[in-house]
Amino acid sequence: MHAAAALLIDFGSTYTKLRAIDLDRRIVLASGQGPSTVTTDISVGMRVALEDLRRRLGRLPRFRYRLGSSSAAGGLRMVTVGLVRELTAEAARRAALGAGAKLVGTYAYRLTAADMASIQGLGPDILLLAGGTDGGNSEVILHNARMLGSGTLDCPIVYAGNRAAWDAAKDLLAGKMAVCAENVMPEFNVLNIEPARAAIREIFLERIVHAKGIDRARDECDAVLMPTPAAVMDGARLLADGHGSASGLGDLVVVDPGGATTDVHSVASGQPRVPGVVQRGLPEPRVKRTVEGDLGMRHNAAAIGEMAGIPALAADARLPEGTVSRLIGELAQDVDRLPHDAEERALDRALARAALRCAMKRHCGSVETVYTAFGPATAQTGKDLSGVEVVVGTGGVIAHSRAPLELLETVVADPTEPESLRPRDPRFLVDREYLLYACGLLAGAEPEAALELALKYLKPPTEVLADDVAANG
Amino acid sequence: MMPDPERMPATTPRTIVTGVIGSDTHIVGNRILSMALEKAGYKVVALGALTPAPEFVKAAVETNADAILVSSLYGQGELDCRGFRELCIEAGLDAILLYVGGNLIVGKHPWDVVERIFLDMGFDRAAAPGMRVETVLDWLAQDFAARERAPRRQAG
Ligand code: B12
């Protein structure tokens, strides 16, 4: 009798990573890894990874599912266009980020000829076009549809703006691949990003995977379902909400510091927790992803240095400032570099801590006191995550860290910044096996197994450390 | 209050943005006004109390509003409303209908003096304290009808 098994694949930018799962016993059978060969033929790296897996398992099981996610070939590169920056343009941004995209450009108001040239230069995989509430402003979205329709940009376009203008926009976009989704903001200040997200994911599945050559691995992979950040997000949602009678962990935050960006996902309503506090601005999606494009530990090490300040990084790393400056310069030149010695490890730790602290601060909302004639009142913008009880760390930086708690603890609320609504007293879990994306991929087909795996393999940092000591000792 | 067919707007409902400007929390009159507008068949985007001036304008842009009705009760109206028309022009809403009402200025001033201040700021109408909603509906009907006869600027 063969146990039912699943193969979960992450076609990354550097590696092709595999997780083989026993669906009955709900354990990880083994992991395999190969290079990312997306620039030539992605199936080559995939076969190397499978060979690696075979070596560890002795023999490959017959997989019931072989599902993939991808961040290879630059990820899902998207440009968003909206009308008012804080309204439909912001709603469009959130829809794209929620679909797991890498946002390469965001535009508001009327597109100019210069905007069109810059979009062309960015070469997005998908463009999301929003603007106007339903029955509201149509002039600007039609202008933008005309610009896009008469230009040479040839990527698919998701129209998620004023429904009343779609018929006219469709004509202006004739000759382009354009689909219509529900408006990201059908009524003033009402956020409706799920339909646009679904449309983006569908185009990803049906066209982008092929356009990027990721479907060349189809002999070894049944479907590349979504961009990897979307898989992490689906994993986070499952872990928080549970499935059926199996309950999840409740409100949580997932942090993923990486070489180029730092991602933060929250699954929580984020409503004001103190009575009398008024929420301001666009409503917040319960499942929210933010990406800090300037907080990457390799590509943007210099930016982290600028943001946190070299003296602060040096103090945190206990290194001379000169050493920190020199090492940061080297990192930007060598983005695949792994830390070689104690100095480099200390700097990496300080960079990750600074990136996480800042990314979390930007993800969470804040309160400010507005002084009215009647007396002070408190207004909240963004999500109040102060009551979130679980923070999960995922991604290579945290998984490979010797002391992940030292990284994760930086996301906690700082008493000197009471206006920032970061988690006050969360417990931490570490995704040491890099499994959260795999659980997200499996969530559609086998949600119960996926949830049990996530609950089993995400471990408190102290336990991780103990395992480490045991393994080394 | 029954919807009055005389005051009913044209087939596609006109959109009106309402709100109380600045740090003003007096919401009651603004809410009564918003409900009356809705009952009269307008599409109302009610921003509520404590609304900064730019938020009126942003909401009007996205919803392609035909008019903005600004309430100010606490006496800071002159300060809060300064530059409102310019903000609208900046956002491409050159011809949007602007009304202001409530208790616009602290202290006893002849109404025509107060009214002049707000008309000079670019508001199309300013309402004296305690203005009845019926009058506001009449004003809107008149002003929209006048615009239909002589459109100042064609909406896109
Ligand atoms: C209730 C009230 C409060 C309540 C408000 C509760 C709430 N959240 O709504 C509380 C106790 C909180 C309050 C606080 C204050 N208040 Co007070 N308050 C009043 C009071 C008694 C009634 C207001 C009301 O609801 N009226 C009923 C509604 C239906 O009428 P309305 O708002 O005028 O609206 C009608 C018309 O004006 C018109 N309309 C309204 N908006 C618009 C807009 C347009 C475009 C148009 C065309 C028409 C229009 O249509 C409405 C329907 O007919 C008035 C006095 C009064 N009798 O008016 C004082 C009054 C408005 N308050 C006043 C003051 C000074 C204050 C405070 C500064 C007091 C203080 N020092 O703390 C604070 C300010 C707080 C703040 N930051 O906003 C003064 C304002 C002085 C001025 N403008 O010269 C008033 C006039 C009292 C007075 N005579 O001194 N207040």
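This is a predicted model, so every value here is computed, not measured.
Around atom NZ of A/Lys288, more than 12 heavy atoms belonging to other residues, nucleotides or ligands sit under 6.0 Å away. Within 6.0 Å of CZ in A/Arg362 there are more than 12 heavy atoms belonging to other residues, nucleotides or ligands. Enclosure of atom CZ in A/Arg94 by more than 12 non-hydrogen atoms of other residues, nucleotides or ligands within 6.0 angstrom is indicated.
With hydrogens and angles ignored, the 3.5 Å screen pairs a side-chain donor or acceptor of B/Glu62 with a backbone N or O of A/Thr88.
Residues passing the side chain to side chain donor-acceptor pair (under 3.5 Å) test with A/Ser366, sequence neighbours excluded: none. The side chain to side chain donor-acceptor pair (under 3.5 Å) check on B/Glu38 picks up nothing, with sequence neighbours excluded.
Both the backbone and the side chain of B/Val61 have a heavy atom closer than 4.5 Å to some heavy atom of chain A. At a 4.5 Å heavy-atom cutoff, the contact between A/Arg280 and chain B is made by side-chain atoms alone.
Heavy-atom proximity under 4.5 angstrom to chain B picks out A/Glu187, A/Phe188 from residues 185-194 of chain A. Listed in order of number, the residues of residues 170-180 of chain A that approach chain B to under 4.5 Å between heavy atoms amount to none.
If you take CG on A/Asn137 and OG1 on B/Thr15, they are separated by 11.0 Å, rounding to the nearest 0.5 Å. One finds the CG atom of A/Asp134 at 12.0 Å from the OG1 atom of B/Thr63 (value rounded to the nearest 0.5 Å).
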